[in-house]
Each structure stands twice: as C-alpha cells, then as structure tokens.
Amino acid sequence: MILGYVTLTIFLAAMVLTLLRKINLPVQTVLVLVTLVCLAIGAIVKGFTEGAAAILTLPNEMMGGIILHPVTALLAGLFLAGALNASGGFEAFKVLIAKLQKSPLGLAGTFVVLINFPMITSLPCGRIMAAALLPLLFAFGSEGGMNLLTKSQLIVLIGAFARNAFGSCGPSPIGGVGQIGEGFLGSHFPTAADGILRAPQAFSLMIGTALTALFLKMISRRLYPDSCSLRDKREGEVDAIVVPQAPLAGYASLVIFVAALIVAIFQPFGKVPVQTVLVIAAIAIILIGRAGIEALMAGIILLPVSAMVAGFMAAGALAATNGFDALGQVLGLLAKVPVLGVAGMLAIFVQIQTMIPLSCSRILTAALVPVLFLFGPAAYGFLTWEQLAVVMAAYIINATTSCGPSPLGGGGMMGEGQMRVESGYIKGAYTFTVMAAMTPLAAVYMKFLNLVNFAAPGEALTANIGALGGFVVLIVAINLLAIRLMARLAAPGDKPYFTQVGGFLATGMFAGMVLALSTFGLHVIPALQGAFGGLLAALWIAFMVPKKLEPEPAPF
Amino acid sequence: MAREKRKYTPKREDGTQPIGLPGIRRLQFFTNLRDRALTKNLNRLAMLGIGASLALDVAKPVATGVPQTIFCYECRACYATQDKCPAAIAYQAELIVAARVGDHWRFIKNGGMKCLRCGGCVSFCVVNLDLPRIFSRGQQRVMEAMEQGRIPRRRIRRALEEGLFGREFIDRVVAWLDKQNGGRA
Amino acid sequence: MLGMLTFAVGGVLSGVMIAWSMDFKTARELIQGGLGGLTVGVLMALLLPM
C-alpha cells in the first residue's frame, strides 16, 4: 500500500505544479512522464514482491485506465460539427436563432434554452454537444461574423454552455455517469435503475449553470482582465446583425441532426451506441450537402483527444500501482479524526472529484462509488440506505461536472479554446458553483423530494416541498451574496485573490453543513463536523484556482 | 553563467495554423502550451506514446476476439444486476475492461472466473453487449495466461483460496499449481 | 407534480440569472429569459422519472 501513497503523491504534485505553472511543459508531456515514473516505481516494487510476471502485467493494468467512450464521443461530435459546417447547417441554425429573436422567447430566452440544450438531450458524454455546437456559439460574436453578441456576452454564453455540457453526462439514461451510483442503490430501491439520481443532478445542473454564468460575468472577467483575446467589433465595422442566407441543404442537415439526437436518446430502433447514430447522421449530412470527406475531417482536432488520453494513461498507472486504493483508504481514515467524524469525512468525500479533477469523471467515480457504497448498510453501516442515496446524489453531481475544470485534458479546455483564454480561466467559476451550490442542491433535492418517488416498498416517506424550497432559496441566496462580495473586490493581484479564497471557504463550510443536515438531520455535532470538512475541501479547491493568468516567462 | 530569459508572449491565435471550424484553429486549445516545450523531441515522444497506447487499446481487443468491448461506455449500468447474478459478481464492467486490455488479475479478482455466462446482466447494458460471450473469452484467456506463466503464481493461489475460481476451472488450476510446485499440493 | 413544479420554478430562476449575466437587463429581456428557463424546466421534468 505504501506504493499507492507514493504514486498518488507524485500524481497530485505533478497536477498541482502543472496547474500553477511550476512545471512549464505541455500537459500531455507531463502526464506521460508521470505515467512512466509511476510504472517504473510500480515495476521495481512489484518485481521484488511478486516476481517478473507481475512487472509484465503492469502495462495492461495501465491500459485499463483508458476509457474509449469519451474519445469516440468527442470524435463523433467533431464529425458532426464538420458536417454541419460544410452543409450550411450552422447558417440554418443562425437563421433560426434570428427568427426566434422575434418570438415570445426573444434572444434572451433563446440563449437560455440553447445553454441548457446539452442537459435536455443528456447524451452520455458532454463532449458530443460541446464539440458539435461550440463553433456555432463562436459565430454569434463579431469575429464569427454574425455580430449578435459582444465579447463579454460571448464569454458567458460559451462558459455557461460548456458548464452545462460537461455535467450533462451525469443524468443521461443511456450510459451516463450517474448510472454507476444508480446500479448500487438498486440494492435497496427497487426502481433505482430507472434513474433515481437523474432529477437531483438535472435540477442542480440547471441552477449551477446560471450561477456559473454569473461568476464568469462578475468575477472571472475582472480577475483575469487581459486573458481573453476575443475582440468586439472594430471601429468602422458594420454595427448591424448579420443574418446569413442558408442553403436548403443546411435546413435538411439541421433536421437530420435533430432526428439523430432523438434516435440516440429514445432509441426507437433498439439499443445502439450513440456514436454510431451520430456518425451515420454526419455522413448523411455530408451526402445531402454534397461536401467532400475533407469537410468531415475539418472538424477533427486531435490535441484535446491526446490530452484526454494522456490523462487516462496517468490515471491507469495510478490504478495499476494502487494509488486509488490509497485514496480510498485516506478518506476512510478521515472518519476517525474526531473533528471530522463521518459527517466531515463525507463533506470532503463528495467534493473529492472537484478537488482532483481528471479528464473524465468516470475514472475516479468507478474507483470511489464502490467505496461510498461500503459506507452504507452493505458493509460499515455509517449510513442508512436513505442517507446513502442523499450522499450519492451529492457525490455524483460533483463527479460528473469534474471534467469541466480539469486542466488535464478536461472538457472545459475546449470552452477556453473557443473563448481565446488561457487555461484555468474557467476554473474558479466551475469549481465554485459545483462546490457551493450544485453539490448541496442535489443533496436537498434527493432528501426532500426524490427519495419519496423511489422509496422501497413498505417505507412511507413524505415529500417536504417547503423544506426543499427553503433550502434552495437559502443555497442560491448565499451563493449570490458570496459572488456579489467577491465581485466587489475582484481584481488581479494578491489581496483580491485572498478575498476570493475567503468566499470559497465560507461557502464551502456552508455546503458541508447543508450536506450534513440533509444526511443526518438537525443535529449540531454532525453539522459542525460537516462544516469543518467542507472548509478543508474548500481550502484545497480555492488554492487550485490560478491567481493570475499572465503567462510566465518561457523556460528556454 | 546566467541564462537570459526571453520575453514570453502568448500566441492564443496563431495565424499559421489551418482553420478547422469557425473560431477553431487546429491547435487552438493548446497553442499556449505548445510554446512551453523544453525540447521538441520530448513532446514528440509523449505524443507518440499517447497515440500508440490509444491504437493498442483499440487493436488489442480486436486481435484477441473481444471487439465488442470497444463499445462499452463504462457507465456501469450493469452494476444494477445485483442479486440477479447467480455468481454474485458485483462489478461486471470491470470484467469488460479487463477482457479488453488483457488485465487478467483484474478479471479474476472481480469474480470473472466464477461467471456462469447465464446472461442475467445483459438486459442492464445500455448498448446491449453480448456479455456472456465477452466473459467466456475472458475466462479462456485467463486460463491460457495462467498456463503460460503470465500471471504471478502467488495471485493464482490467493484467488483459489478466496474462492474466485468457478467449479469448472478449479481442477485445472489445482493441477497447474501442483505442477508448479513439483507435484506437491 | 411536485417535481414538475420544482423544476419550473428552478428553471425560471436559472433563466433570469443567465439572462442577467448575459447583459440582457431590461424587464422584457429578463422575462424572456425566465420564459426560456421555464421551457427548459418543464421539458426536463417531462423527460425525467418523477
């Protein structure tokens, strides 16, 4: 087990140092080096303890960390984007948006729906929608040609859309990350597999997306004022909104796009991988638009794929050398620390994936949900089934949103690329809202409403809509207040940065307390322990947010 | 001698890159990282390693007779099988990943060698993988790997003691362990 | 029904906040944002097991 602690330390150190620019190398290179170092240490230790055969198994064990699904999902999304672009589908989309501007929804309502579109479609990987539609969002700006939105509006639109996309894999019923937790809860709740975690996740994602938009507008833009190289329209440029002419093939490709989404989500022709449906749709769009194969390939950008795979490799090396076992053990030990107790440990546990954001949430979720399950009646008995469901809801939403702020090839980097900002720009907004709002919101939704719908036979639970409403209002109000206070002082430099850390700590404590109250009821000791756990988690999360994004001098 | 540091200017928009889609140049997302190279060859080697690992991860299951495993989302919806699994296997998805990459110990420790291939878990799979077939092939490969000495003997013995081998494999495993011990049980 | 109500109210709240963040600040635009959020909330509630 010492091996696990060593490799976990190496991995965490490399991740933090890369994020803080102390290791000034591309993230892929760092991760490959971490993989090699971990494997080398693992080979030495296992070679001595288990012989040569154990060394030979290490590469296969590392390969088990590579998850193919997000890679193929991203490629399918990029294929679709290329096809839509070539066939005039984006132009048709722009015409549609311009028409909706005159509908009762107006421009504001239309963008609200567009931002939440990934959650509504709930595909099993957010990268599909992000890859397919981010170029469209860019086109609404001045540089993109449509001149509909200003630079600051575009930052909020892209950031909020990416936030929504990189949480939408959670509530997906066709292979979403939440299904890991639902599978376990099926031990007690007979219909858990129908989607016991879906509503809490969707609800908190909806509110969390809005708070992310608010954070981006009020804080990120002030904290990193020089980071974004998007531009507003130049003097002398036409002020009018430009609505392009869309070819008929463009409208046809939009119809195919929507039809493909419906087939992928509702699966009327049986269970088929989403990627298959989307690639067929992309080919159909290409044929209708009479575009060449080059158009299909135009969307393919290999660098996000390579960063993601490098993240998987490092995580695989960590798994092969018992790094995740060590992490699980540390979390279990935290429950024995008196000031933390079970409530404090759980307050940290539910935030762990935001604290260690990997390129895909599935990596850590697969390792830690079984550990969480063991805290329930199945093994240690720290929690009842109902309490386990509440903690699971909080954990899963935190987990599924963790690829957003990941600097290791996470999805949020795609949004940052489109915003023309340095890596790390969105980290504050994404981690703050998940920690302070989305995690406690999912817990209270599960506690006061969803458990009733999924209660096991013989259990009489009563929905308490008043308590739910009260908690939701309180959580949103505390978040708004914290954002307001942080925004008032937000500016580059040390002093405002520490003000921001203070905001993180206060809301982190509050989130830990809400989780403890939802899980253990109105008891003072668990509430205080939860608050302390939340504080510790927030401390780590706050210091992972970059203080400034001005590039360091190059090391050569 | 102190080395003079050059002023680093970020190139978030590098006009020399080909444009892919609106707003996206090919290297857009990592343009700022591209300038961070210590040596170009180190980065090239890293990319080569990443590409090779990904290619191997796809090619290996095709070559070893479990191509379906490529389609697994790793969503773990199959964990909902719960007590419908007669062999009490809790983590079916782990077996699929283990079969895909040839991680034999992962397959054994998650109960793969106890699987009866009844198909009780298939209905929970969101992409309808032929799980009994994948698990059957995984079992065959574990036995082959064991007999070729590619799994540490100590792990095989531990798995046997913990009851991780199904009835149909026990005799073969015991015989192999006997042979390894020079005829001693 | 309670789930639908919760999603509808949450949707409106979220829609108004997004609209305001995107510099849509007139009463009409904020109402439009709320309406968009309401659409999202109701649609989402219909798709979820309640």
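The chains referred to below are lettered A, B, ... by the order of the sequence lines, with proteins before strands, and numbering in each begins at 1.
- Distance check: K109(B) NZ to Y91(B) OH gives 11.0 Å after rounding to the nearest 0.5 Å.
- Residue contact with chain A, scored on non-hydrogen atoms closer than 4.5 Å, involves the side chain of Q82(B) exclusively.
- Note on K94(A) versus E91(A): salt bridge recorded, some NZ/NE/NH1/NH2 to OD/OE distance being below 4.0 Å.
- A donor-acceptor contact shorter than 3.5 Å is absent between the side chain of E182(A) and the backbone of A80(B).
- Note that CZ of F135(B) is 4.5 Å distant from CG of L95(B), once rounded to the nearest 0.5 Å.
- The pair E162(B)-R157(B) does not count as a salt bridge, with every side-chain nitrogen at least 4.0 angstrom from each carboxylate oxygen.
- Salt-bridge annotation for E147(B) and K179(B): absent, with no side-chain N of the basic residue lying under 4.0 Å from a carboxylate O of the acidic one.
- Of the listed residues (P70(A), G51(A), G186(A), G176(A)), the one with the most heavy-atom contacts under 4.5 Å to chain B is G176(A).
- There is no contact between V369(A) and chain B, counting heavy-atom distances below 4.5 Å.
- Put simply, of R100(B), R150(B), H104(B), the one with the most heavy-atom pairs under 4.5 Å next to chain A is R100(B).
- Only the backbone of I174(A) comes within contact range of chain B, with heavy atoms under 4.5 Å apart.
- For P273(A), the parts lying near chain B are the backbone and the side chain together; criterion is any non-hydrogen pair under 4.5 Å.
- With a 4.5 angstrom heavy-atom cutoff, C72(B) touches chain A only via backbone atoms.
- Atom CD1 in I66(A) sits 4.5 Å away from atom CG in D57(B) (nearest 0.5 Å).
- The candidate from L68(A), L36(A), V32(A) with the greatest count of non-hydrogen atom pairs under 4.5 Å with chain B is L68(A).
- Looking at every heavy atom in both residues, R117(B) comes nearest to S136(B) through CD-CB, 3.3 Å.
- The most heavy-atom pairs under 4.5 Å with chain B, out of S187(A), A310(A), A193(A), A320(A), come from S187(A).
- Taking a cutoff of 4.0 Å between a charged side-chain nitrogen and a carboxylate oxygen, R106(B) and E94(B) qualify as a salt bridge.
- Neither the backbone nor the side chain of R153(B) has a heavy atom closer than 4.5 Å to any heavy atom of chain A.
- M313(A) touches chain B through its side chain: at least one heavy atom from C-beta onward sits under 4.5 Å away, while N, CA, C and O do not.
- For chain A, the nearby parts of I50(B) are the backbone and the side chain; heavy atoms of each come within less than 4.5 Å.
- Most heavy-atom pairs under 4.5 Å with chain B: of the set V30(A), T49(A), L137(A), this distinction falls to T49(A).
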